[in-house]
Amino acid sequence: MLEIAGPAATALASLCPDDIIFLRTLPKAELHAHLNGSIPVDTILELARQYSPSSAQTIENETVADTIDKLNDLRVDLDSGSSYDRYSGGPPVVLEPTGDGAESPQCAYLELRTTPRTTTLMTRETYLLAVLDEIEIYPATKAALVVSIDRRMGDLDIEECVNLAIELKNRGRRVVGIDLCGDPRSGNMELFTKHVLD
């Protein structure tokens, strides 16, 4: 468990034991859970070990090996989600880790967000459907999906992600929103708003 420090530690120290018990037992709503940040390091390491790139992916393979070494050394939560995507070969791989984070005993509601990915083995739609299949194991009152759009995406990628989110929602799938993510100094907001406001 992470150590509490700074102002949060001061606030926690000001509480009586009954207040702490109340806060610990209070149901939680996770409204900004990232798929990549919800995957335990051990799961990422196992996926990386199972990863078998083609000879055309030598550079990526070296990156994967380097990432495995770093994870083995650090054994902490990942700073970014990009590492997971290197190991995501296709939908079955996406399904395995998604369920791990949704079963927290104190989490009463989870909005999982993820940026739709493409690989040589899956489309953005296949990726989202795999994630939704796992989310929809839980009741609608417990879990839903927010489709993230990365600010660095180009016009066609943004259009595809927005259209997929709308189409899946219209098909009755549990998409509850679109999220703009990434560095606020990157990308062109006009591209994003053009597709969202149409």
Side-chain angles (χ1 to χ4, degrees), residues 27-40 43-44 47 51 60 77-104 106-198:
K28 313 299 188 288
E30 173 59 78
L31 300 179
H32 199 94
H34 292 262
L35 173 61
N36 296 322
S38 301
I39 303 169
T43 301
I44 293 173
L47 292 172
Y51 178 78
E60 186 173 313
D77 292 338
L78 296 175
D79 289 338
S80 75
S82 61
S83 298
Y84 170 67
D85 300 316
R86 292 187 186 115
Y87 316 133
S88 298
V93 174
V94 175
L95 286 174
E96 181 181 342
T98 311
D100 293 343
E103 297 184 20
S104 170
Q106 288 190 336
C107 186
Y109 177 75
L110 172 75
E111 274 185 5
L112 187 69
R113 61 197 62 239
T114 190
T115 304
R117 309 291 183 191
T118 58
T119 71
T120 55
L121 301 175
M122 69 179 172
T123 64
R124 284 188 170 96
E125 182 176 11
T126 307
Y127 176 93
L128 287 174
L129 289 171
V131 174
L132 282 164
D133 285 345
E134 188 70 17
I135 285 173
E136 291 168 351
I137 289 172
Y138 302 93
T141 57
K142 295 283 186 186
L145 176 67
V146 175
V147 176
S148 291
I149 311 296
D150 192 315
R151 294 172 192 268
R152 296 169 296 185
M153 287 180 163
D155 188 43
L156 294 176
D157 293 327
I158 294 170
E159 180 179 28
E160 181 182 7
C161 291
V162 169
N163 288 342
L164 275 171
I166 293 167
E167 180 184 330
L168 291 169
K169 175 73 175 170
N170 288 341
R171 282 195 236 162
R173 301 304 300 260
R174 207 173 307 149
V175 175
V176 294
I178 296 173
D179 170 58
L180 182 61
C181 67
D183 185 345
R185 299 167 293 179
S186 297
N188 180 347
M189 279 301 296
E190 290 177 11
L191 293 178
F192 178 76
T193 55
K194 173 177 87 171
H195 296 293
V196 173
L197 299 178
D198 280 348

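- Within the 3.5 Å criterion, the main-chain N or O of Ala143 finds a donor-acceptor partner in the side chain of Arg174.
- Here the shortest heavy-atom pairing between Gly182 and Asp150 reads CA-OD1, 4.5 Å.
- Scanning both residues, Pro116 and Ser148, for their nearest heavy atoms gives CD-O, 3.3 Å.
- Taking Asn188 as the reference, nothing meets the side-chain hydrogen bond (donor to acceptor under 3.5 Å, both in side chains) condition, with sequence neighbours excluded.
- Taken to the nearest 0.5 Å, the CG atom of Leu128 stands 9.5 Å off from the CE atom of Met122.
- For the pair Arg151 (side chain) and Phe192 (backbone), a donor-acceptor distance under 3.5 Å is absent.
- Heavy-atom minimum distance, Ala165 versus Val147: CB-CG2, 3.9 Å.
- Looking at heavy atoms from C-beta onward, Arg173 lies in side-chain contact with Leu129 at the 4.5 angstrom threshold.
- Side-chain contact between Leu180 and Met189 is present, with at least one heavy-atom pair separated by less than 4.5 Å.
- How far CG of Leu132 is from CG of Leu168: 6.0 Å, rounded to the nearest 0.5 Å.
- With contacts defined as side-chain heavy-atom distances shorter than 4.5 Å, the pair Asp157/Arg124 qualifies.
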Practice prompt. Begin from the C-alpha positions of Met153 and Leu191 and carry the test side chain to side chain contact (heavy atoms under 4.5 Å, CB included) through to its verdict.
Written response: CA-CA 9 Å; Met153 287 180 163; Leu191 293 178; over 6 Å; no
Item to complete: Go through Thr114 and Tyr127 one step at a time and tell me if the side chain to side chain contact (heavy atoms under 4.5 Å, CB included) criterion holds.
Response: CA-CA 10 Å; Thr114 190; Tyr127 176 93; 2.6 Å; yes
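- The heavy-atom pair separating Ile178 from Ile149 by the smallest distance is CG2-CG1, 3.5 Å.
- Across all non-hydrogen atoms, the minimal contact from Tyr109 to Ala144 is OH-CB, 3.5 Å.
- The line from CD of Glu160 to CD of Glu167 is 10.0 Å long, rounded to the nearest 0.5 Å.
- Of the charged side-chain nitrogens involved, none lies within less than 4.0 Å of a carboxylate oxygen, so that Arg171 and Glu136 do not count as a salt-bridged pair.
- Residues that satisfy the side-chain contact (heavy atoms from CB on, under 4.5 Å) test with Asn163, not counting sequence neighbours, are Glu159.
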